*Asks:* 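To start, I am sharing the structure in question, which I have written as C-alpha cells.
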Number of protein chains: 2
Amino acid sequence: MLHVAEAARVSVATVSALINGTATVSPELSQRIEQAIRDIGYKRNAIARSLKMGTTRTIGLTVPHITNPFFTDVVSVIQQAFDRAGYAVMLCCTDEDLNTQDDQIRLLLDRMVDGLIVARVGDGAILKGIVDGANVPVVLLDRVCEGVDTDTVVLDNQRAVFDAITYLIHLGHRRIGYITGTSDISPMHDRMAGYRQALHAAGLPVAEELVRSGNFHEIDGYNATMQLLSSHDRPSAIFSANNPMVIGTMKAIRDIGLSCPQDISVACFDDFPWSDVFQPQLTTVAQPVQAIGEQAANLLLDRLAGNRDAPPRKLVLKGRLMIRNSCRPLGSMVQSVSA
Amino acid sequence: MLHVAEAARVSVATVSALINGTATVSPELSQRIEQAIRDIGYKRNAIARSLKMGTTRTIGLTVPHITNPFFTDVVSVIQQAFDRAGYAVMLCCTDEDLNTQDDQIRLLLDRMVDGLIVARVGDGAILKGIVDGANVPVVLLDRVCEGVDTDTVVLDNQRAVFDAITYLIHLGHRRIGYITGTSDISPMHDRMAGYRQALHAAGLPVAEELVRSGNFHEIDGYNATMQLLSSHDRPSAIFSANNPMVIGTMKAIRDIGLSCPQDISVACFDDFPWSDVFQPQLTTVAQPVQAIGEQAANLLLDRLAGNRDAPPRKLVLKGRLMIRNSCRPLGSMVQSVSA
DNA sequence: AACGCTAATCTAAACGTTTCGATCATGTCA
DNA sequence: TGACATGATCGAAACGTTTAGATTAGCGTT
C-alpha cells in the first residue's frame with residue numbers, strides 16, 4: 001500500500017480510506033489512487049489486515065471422516081454457504097481421534113479462525129474451554145456435547161432408529177443385529193437408545209450378543225457382521241448405525257454365501273444417493289444433509305455477523321426412513337417390493 | 001509475548017529466541033520464561049508470525065465437487081498428508097465454474113497460502129499467472145493445463161477408457177453410448193479420445209448421436225441416458241465418464257423399465273467402494289486415489305520444503321478396469337458372471 | 001475581518017511476532 | 001595487564017494494514 005500511496009502522492013491512510021470506504025476522499029485523489037492501484041497491480045494483504053483487525057474471514061470445520069457420505073455432503077453444503085459469504089474454510093478430519101481433534105482445533109485457533117463448526121470427538125473439554133472463554137463462536141454438528149452451551153445442529157437419532165427398528169419388528173423380525181460405532185458420541189448413544197426403546201416397546205429382550213461395535217470403517221462392519229452371522233442363533237436382520245460400516249456388512253453377507261434380503265435383512269443409518277437404484281435397494285435412515293449443513297452455516301454466520309449474545313440454539317432435525325427392498329417380512333416366502 | 005517477557009524480566013527477543021531455538025538462552029532465563037509462559041497461558045499468534053515471515057503453513061485445495069467420490073477420497077488423503085506435516089488445508093469447491101474458481105484462488109492467495117493444489121476449471125489463465133509469477137508452488141491435480149509448467153498428477157485417462165471400451169467391444173457391443181462432461185477439461189478430452197480410439201481400433205464408426213454430455217451431476221446423467229435410450233437405434237451399452245452421472249444413468253434405465261445388464265450394459269469411470277456388493281455390480285475404471293492424493297501432497301510438500309528449482313514433474317498414473325457383472329456379452333442369453 | 005464549522009488529509013501508533021546488529025560480561029592468551 | 005573472541009542479551013526495525021486524532025483549507029455567518 002505504501003507504493004500506491006507514493007505513486008498517488010497521498011498517505012497510506014488515504015489509500016486505506018478509499019479502499020475501505022471509511023472516510024471521504026476527494027474525487028481528484030480517488031482517481032489518482034485508483035490509477036496507481038491499477039498501474040502497480042496492488043493486492044491487499046489479508047494477513048496484515050487480520051493482525052490489525054483481529055479477524056481472518058476464515059472458519060474451521062472438523063469432521064471425523066470426510067469419506068463418510070453424510071459428512072461429505074454436509075461439508076459440501078457448509079463450504080458453499082461460507083464461500084458465498086466470502087469466508088475461507090479450513091477443513092480438518094479427526095478420524096474419531098481425540099488427540100488429533102484437539103491438535104487440529106489448536107491449529108485452527110492458532111490461525112485465528114473466526115469461528116468453528118465441529119463434529120466433536122470425545123468429551124469436548126477443548127470446546128468447553130473455547131466456549132467458556134468466548135474465544136470464537138462454535139457450532140456443534142451432528143453430536144451434542146454435555147456441558148458445552150453453544151449452538152448445535154443434530155438429528156433426532158433416537159427417534160430415527162426407533163422408527164427403523166420398529167419397521168423391522170413390524171416385518172416380523174425378532175432377532176435384530178445392531179452394529180454401532182465404538183466412539184463415545186451422542187449419535188451412537190442416541191441411536192442405541194432408539195434400538196433398545198423399539199425392542200422394549202415391542203416387548204422384546206435386548207440381547208447383548210446381537211450388539212457389535214466397530215470403528216466406523218468398512219472393515220469394522222465386515223468383522224462385526226461376521227461375528228453376528230457366525231453365532232448359532234443368528235439375527236434375521238442387521239441394522240448398521242453408520243454407512244461406511246454397512247458396506248462391510250453387505251460384503252460379509254456375500255462372503256458367507258448369504259443374500260439380502262432372502263436370507264437376512266439389512267437396514268442402516270444414512271442414505272446413499274444410489275440406494276434406490278442398485279440391488280438390494282437399501283432401507284435406510286436418511287438425514288436432511290442439505291438442511292443440516294445450511295442450518296449449521298447459518299448459525300455460525302449469524303454469530304459472525306455480530307449476534308453474539310443470543311442464547312445458544314439447538315436445532316433437532318428429523319430423519320426419514322427410506323423403505324426399500326433390503327428388508328423382507330419374516331414368515332412369508334413372497335419377496336417384498338419397494339414401498 | 002510482551003507479557004511473558006515482562007513476567008520473566010527479559011526482552012521479547014529472548015522469549016522468541018527460546019521458543020524458536022534461534023539463539024542460546026541461559027538455563028536461568030529459560031526457566032523463568034517457561035514458567036511465565038505456563039503462568040500466563042501464552043499462545044503464539046500465527047497471524048503475526050505469518051506477517052513477519054511471509055508464510056502461513058496453510059495450503060489451498062480446490063476441487064470441482066467434493067461429493068464426487070473420487071474427489072472425496074483424494075481430498076481426504078491430501079488433508080491427512082498435510083495434517084501430518086503441520087499444515088492447515090483451506091478447501092474450495094468450484095462446481096466446475098471458472099469465475100468461482102478464479103475468485104476462490106484469489107481468496108486463497110489473499111490469505112497467503114503457501115501452496116495450491118488445483119483440479120482446475122477452464123483454461124488455467126489464473127494458474128499460469130501464478131506459476132509464471134512464481135507466487136506460490138502449484139500442483140495440478142487430475143487435469144493437465146496447457147501452457148502451465150508446473151507439477152502435475154494425472155491419470156492416463158485415454159488408456160483407461162480405451163481399455164474399458166475395448167472390453168465392451170470384446171463382449172460384442174457395437175453401439176456404445178458415451179456420456180461425457182460438458183466442461184472443457186483434459187480428463188474429458190482424454191477419455192473421449194480413448195473412446196474414439198477404441199472404436200477406431202475395432203473398425204467401428206464413431207456415431208455422434210451416441211455421445212451425450214452433462215454437467216457432472218446425477219440429473220445430467222439421467223437426462224443424457226433418457227436421450228440415448230429414446231432413440232430408435234439405441235445403444236446396447238453405455239459408458240459414463242463420471243461417477244455421479246452414472247447414478248443418473250442407472251435411474252433412467254430403471255425408469256424406462258429396462259434392466260442392467262439384461263437389456264443394456266453399463267460401465268463408468270471411477271469406482272465406488274460398494275460396487276462389488278450391490279447389484280448390478282458395476283464394471284468401472286478405478287483410479288488409484290490413495291496414490292494420486294499422496295503424490296500430489298508429496299509434490300507440494302517437496303516444493304514447500306525448499307526444492308523450488310527442480311523442473312516440473314508430471315506423474316501419470318494408471319487406471320484399473322474392474323470387470324464386474326454390469327456388462328454382459330451380446331449374442332448370448334447366458335448372464336455374465338463376475339470375473 | 002474575525003470566528004466557527006466541516007470536510008479532507010495526514011501522522012503515527014498499534015496489532016504480535018522475528019531477528020539483525022549493538023552492547024556487555026566473561027574467559028583466554030600473549 | 002591488555003587485547004581479542006565469544007556467548008548472552010537487548011533495542012528497535014520490519015512485516016502491511018487500519019484508524020484515532022491532529023491539522024489545514026475553505027466556506028459561511030456575524
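We use all heavy atoms of the structure for the numbers below, so side chains are in, but hydrogens, waters and symmetry mates are not. Letters A, B, ... are given to chains in the order of the sequence lines, protein chains preceding strands, and every chain is numbered from 1. Everything quoted here is computed from the prediction, not taken from an experiment.
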*Asks:* Kindly check if the number of other-residue, nucleotide or ligand heavy atoms within 6.0 Å of CD (B:Q35) is above 12?
*Replies:* yes
*Asks:* By nearest nucleotide on DNA chain C, pick out whichever of A:A13 and A:T24 is the more 5' one.
*Replies:* A:T24
*Asks:* Atom CD1 of A:I33 and atom C1' of C:dT9: how far apart are they, to the nearest Å?
*Replies:* 10 Å
*Asks:* Mind calculating the distance between CG (A:L18) and C1' (D:dT18) to the nearest angstrom?
*Replies:* 14 Å
*Asks:* I want to verify a distance call: between C:dT17, C:dC15, D:dT9, whose nearest atom is closest to the B:A48 side chain?
*Replies:* C:dT17
*Asks:* Scan B:I47 against the nucleic acid and name what it touches under 4.0 Å (heavy atoms): base, sugar-phosphate only, or nothing.
*Replies:* nothing
*Asks:* Given D:dC10, D:dT18, C:dG16, which nucleotide is nearest the side-chain atoms of A:N20?
*Replies:* D:dT18
*Asks:* Expressed as a whole number of angstroms, how long is the span from A:R57:CZ to D:dT18:P?
*Replies:* 13 Å
*Asks:* Looking for any heavy atom pair under 4.0 Å, which part of the strands does A:S50 touch: base, sugar-phosphate only, or nothing?
*Replies:* nothing
*Asks:* Within the structure shown, what part of the strands sits under 4.0 Å from B:L29 by heavy-atom distance: base, sugar-phosphate, or nothing?
*Replies:* sugar-phosphate
*Asks:* Taking the minimum atom-to-atom distance to the side chain of B:V12, which one of D:dA20, D:dA12, C:dT9 wins?
*Replies:* D:dA12
*Asks:* Can you tell me the distance, in whole Å, between the CE atom of A:M112 and the C1' atom of C:dG16?
*Replies:* 10 Å
*Asks:* Side-chain N or O of B:S11 versus OP1/OP2 of D:dT9: is the shortest distance under 4.0 Å?
*Replies:* no
*Asks:* Would you mind classifying the nucleic acid contact of B:M1 as base, sugar-phosphate or nothing, using non-hydrogen atoms under 4.0 angstrom?
*Replies:* base
*Asks:* What closest approach, in Å, do B:R303 and B:P137 show between heavy atoms, and which atom pair accounts for it?
*Replies:* CB-CB, 3.7 Å
*Asks:* Find the distance A:L51:CG to D:dC15:C1' and express it as a whole number of Å.
*Replies:* 9 Å
*Asks:* Could you tell me whether the phosphate oxygens of C:dT18, OP1 or OP2, come under 4.0 Å of any side-chain nitrogen or oxygen in B:R44?
*Replies:* yes
*Asks:* Does A:R49 make a side-chain N or O approach to OP1 or OP2 of C:dC15 shorter than 4.0 Å?
*Replies:* no
*Asks:* Counting just side-chain N and O atoms, does B:S26 come under 4.0 Å of either OP1 or OP2 of D:dT9?
*Replies:* yes
*Asks:* Taking only Lys NZ, Arg NE, NH1 and NH2, and the carboxylate oxygens of Asp or Glu, determine whether A:D302 and A:R313 approach each other closer than 4.0 Å.
*Replies:* yes
*Asks:* Determine, stepwise, if the pair A:L61 / A:I78 fulfils side chain to side chain contact (heavy atoms under 4.5 Å, CB included).
*Replies:* CA-CA 9 Å; A:L61 171 56; A:I78 290 172; 4.0 Å; yes
*Asks:* Given D:dC10, D:dT17, C:dT9, identify the nucleotide with an atom nearest to the side chain of A:Y42.
*Replies:* D:dT17
